[in-house]
Amino acid sequence: MSVDSFWPALALFAVASAGVLGLYGAAALLSVGEPLVREPYMGGSPVSEHAVSRFHVRWYAVTLLFIAFDMEMVFMYPWVLVVAEKGMHAVGEMFGFLAVLVAAVVYAWREGAFRWT
């Protein structure tokens, strides 16, 4: 490799560095001074607890259920893109995957994960 092949990379680095420094400079010139010391906006209501307060244990179950259904969508999107070329085998695999998820939902339902009281 010759030194001449590094010039485009160096030029790109210089342009990126100039852009970052330009944005920092513009932020310094356009800022209003001291940052505002306010409470975080919560729909107009005053803050009633600390940001690092404890949560009730039921929120962890809700979080795990959300992650489970979110992962379902993560797996279903690529499946939709290739199901036409893979054929019925892919459809059967997706029904198996959905059966496992339905079993998990039935289990969570029986254990009371969807009850709020």
Test of understanding: with ring pair (Phe, Tyr, Trp, His ring centres under 6.0 Å), list the residues that count as partners of Phe13, not counting sequence neighbours. none
Can you give each donor-acceptor pair under 3.5 Å made by side-chain atoms of residues 62-71, sequence neighbours left out, with the distance rounded to 0.1 Å?
{"unit_1": "Thr63", "atom_1": "OG1", "unit_2": "Trp59", "atom_2": "O", "d": "2.7"}

How is the hydrophobic cluster of Val20 composed, in terms of its other members, when Ile, Leu, Val, Met, Phe, Trp and Tyr link through side-chain heavy atoms under 4.5 Å apart, directly or indirectly? Tyr24
Check for me, please, whether Phe75 and Met73 land in the same ILVMFWY cluster - side-chain distances under 4.5 Å, paths through other members count. yes
Distance-only donor-acceptor hits, side chain of residues 82-90, under 3.5 Å, sequence neighbours excluded:
{"unit_1": "His89", "atom_1": "NE2", "unit_2": "Glu93", "atom_2": "OE2", "d": "2.7"}

In the hydrophobic clustering that connects Ile, Leu, Val, Met, Phe, Trp and Tyr at side-chain heavy-atom distances below 4.5 Å, which members other than Val100 occupy its cluster, ordered by chain and number? none
For Leu98, all residues meeting side chain to side chain contact (heavy atoms under 4.5 Å, CB included), sequence neighbours excluded: Glu72, Met76, Met94, Leu101
Give the table of side-chain donor-acceptor pairs shorter than 3.5 Å for residues 103-111, with sequence neighbours excluded, one pair per line with atom names and distance.
none

